[in-house]
There are 2 protein chains.
Amino acid sequence: MKNLNIQIEVNPELYSKNPDSSELGRKIITNSIELMNEIGFESFTFKKLGLRIKSPESSIYRYFDNKHTLLLYLTSWYWAWTEYQLVFATSNISSSQEKLIRSIEILTKPVLIDNSISYVNEVLLCQIIFSESLKAYYTKNVDEENKKGCFKAYKSVVQRVSDMILEIKADFKYPHMLISTVIEGAHQQKYFAEHLPALTDLSKTKDSITQFYTELVFSLLK
Amino acid sequence: MKNLNIQIEVNPELYSKNPDSSELGRKIITNSIELMNEIGFESFTFKKLGLRIKSPESSIYRYFDNKHTLLLYLTSWYWAWTEYQLVFATSNISSSQEKLIRSIEILTKPVLIDNSISYVNEVLLCQIIFSESLKAYYTKNVDEENKKGCFKAYKSVVQRVSDMILEIKADFKYPHMLISTVIEGAHQQKYFAEHLPALTDLSKTKDSITQFYTELVFSLLK
DNA sequence: TCAATTATAATAGTATTGCTATCGTTATGG
DNA sequence: CCATAACGATAGCAATACTATTATAATTGA
């Protein structure tokens with residue numbers, strides 16, 4: 001994985017002009033990830049981003065319709081990237097159990113190393129996913145956006161891991177439900193540990209999240 | 001429960017003037033629940049609410065600092081109300097198992113009957129909780145608001161059910177984590193079933209959510 | 001019961017947000 | 001070296017998210 005510099009493809013519905021195609025576009029992505037991390041999605045505006053990259057807002061609007069679409073783009077990028085990771089981590093492994101274990105680890109552990117090759121800082125992006133990505137699909141436009149395929153990358157990841165579950169227990173009724181519960185749950189528990197510790201049982205740094213969800217999955221599949 | 005007309009207490013940090021104390025205040029609550037359901041939290045403004053109740057926005061600002069605080073108020077109300085439900089549903093029941101089963105049912109099933117006594121429509125409020133309440137704590141002010149006790153009611157519910165888990169399995173390490181996973185998971189699965197069905201395994205109307213999370217909990221506690 | 005407080009309505013105003021439009025200049029690539 | 005796309009600079013506009021002021025109505029408490 002590390003140095004392959006894989007091209008991540010994002011659904012063209014999510015941009016007006018492909019940010020990957022120009023210097024300015026890549027600058028927009030790099031800096032929006034940083035800025036969103038610093039001030040949060042609500043306070044983030046194209047004006048502030050424009051100031052940061054010394055370009056007028058109107059130039060940013062040429063790439064993305066609005067900040068919501070930009071968030072959709074970032075989440076879509078993240079899930080496409082995660083799917084690559086899943087494929088790599090599970091290739092050439094025969095044991096279904098082992099594949100599932102590794103997948104859960106990828107899905108529940110925050111990214112800690114930025115490969116620094118692309119203009120995307122994966123560590124920061126991961127933090128955005130954990131604390132902002134819910135806002136990408138809890139809106140009144142979900143259905144419309146879903147139809148356009150805006151969530152395809154996420155669904156593809158869920159599907160892939162669901163298939164592993166069925167390899168282990170073919171008659172299990174709720175593979176998608178279980179995996180989306182694990183993914184979203186792990187993200188939330190990380191957030192809770194940092195901000196609402198009464199809702200979890202984690203000391204701030206400990207990464208027993210992966211352990212918890214792994215146990216949860218396998219105890220249910222027994 | 002039904003006809004007791006219990007007074008729900010909400011943390012005074014969450015309002016400037018108690019909406020429960022005046023006709024206008026109650027009108028604000030009733031109508032904000034309806035309006036937020038209709039147009040969603042993002043599109044909801046005090047101006048629109050003011051038009052609906054035929055009062056100027058400035059009057060609404062006397063009760064709530066902004067729409068975010070109003071959302072916090074509504075979620076807090078919901079959790080306080082849910083805690084009453086939990087207490088009633090589990091009183092006079094000796095079996096810890098049975099108490100937990102009933103609690104999970106309350107936490108994972110959407111409210112379907114409005115008791116129609118108070119000015120709060122619990123069915124609609126429940127829908128807001130399911131699709132908007134995440135936005136109440138995924139903000140850059142969480143820590144500050146948490147300190148002021150804005151999430152006390154939610155935490156109290158989680159604590160109460162965690163205690164039941166420990167009654168069943170005293171050495172279980174992650175009771176809070178498990179319960180918050182169940183609560184948030186159930187809400188999300190309901191939302192997914194309606195809008196992103198690829199992330200779940202539910203036919204739109206079926207309420208196997210409760211069944212799934214009950215199994216999940218008890219298989220982990222075995 | 002009347003003065004004093006409080007609640008609300010009506011209105012105005014301001015800074016910021018979330019865009020759209022225009023136009024001149026710079027790249028760039030065929 | 002010309003055509004066209006990309007970008008910067010600037011303007012402007014409607015909506016949002018408030019704050020402030022004043023007048024009137026309601027309440028209440030001495």
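Each chain gets a letter, A, B and so on, in the order its sequence line appears, and its residues count up from 1.
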(request) Please tell me which of the listed nucleotides, C:dT22, D:dT10, C:dA7, lies nearest to the side chain of B:K17? (result)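 It is C:dA7.
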Separation of [N] [atom2] from [X] [atom1] (nearest whole Å):
X	N	atom1	atom2	result
A:F41	C:dT17	CZ	P	14 Å
A:I39	C:dT16	CD1	P	14 Å
B:R52	C:dA9	CZ	P	17 Å
B:E23	D:dA25	CD	C1'	15 Å
A:K54	D:dT10	NZ	P	15 Å

(request) Could you verify whether a donor N or O on one side chain and an acceptor N or O on the other, from A:Y63 and A:N18, lie under 3.5 Å apart? (result)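 Judged by distance alone, the side chains do not pair up.
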(message) Under 3.5 Å, is there a donor on one side chain and an acceptor on the other for B:S180 and A:Q188?
(response)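 Checked: B:S180/A:Q188 side chains show no N/O donor-acceptor pair below 3.5 Å.
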[N] OP1/OP2 closer than 4.0 Å to side-chain N/O of [X]:
X	N	answer
B:Y63	C:dA7	no
A:S55	D:dC7	no
B:S59	C:dT8	no

(request) May I ask you to decide if A:V120's main-chain N or O and A:T30's side chain share a donor-acceptor pair within less than 3.5 Å? (result)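 Answer holds: no.
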Anything under 3.5 Å between a protein N or O and an N or O of nucleotides 13-19 of chain D, put it in a table, one pair a line.
residue : atom : partner : partner atom : Å
D:dC18  : O5'  : B:Y61   : OH           : 3.2
D:dC18  : N4   : B:E57   : OE2          : 2.8

(message) Could you check whether A:R52 pairs with A:E38 (Lys NZ or Arg NE/NH1/NH2 to Asp/Glu carboxylate O, under 4.0 Å)?
(response)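 So A:R52 pairs with A:E38 through a salt bridge.
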(request) Identify whether the distance between the nearest side-chain nitrogen and carboxylate oxygen of A:R102 and A:E105 falls below 4.0 Å. (result)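 Answer for the salt bridge query: no.
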(request) Answer yes or no for B:K67 and B:F41: cation-pi contact, defined as NZ/CZ to six-membered ring centre under 6.0 Å and angle to ring axis within 45°. (result)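 Flagged: B:K67 positioned over aromatic ring of B:F41.
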(request) Name the nucleic acid region contacted by A:F64, choosing base, sugar-phosphate or nothing; use a 4.0 angstrom heavy-atom cut-off, strictly under. (result)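 No contact.
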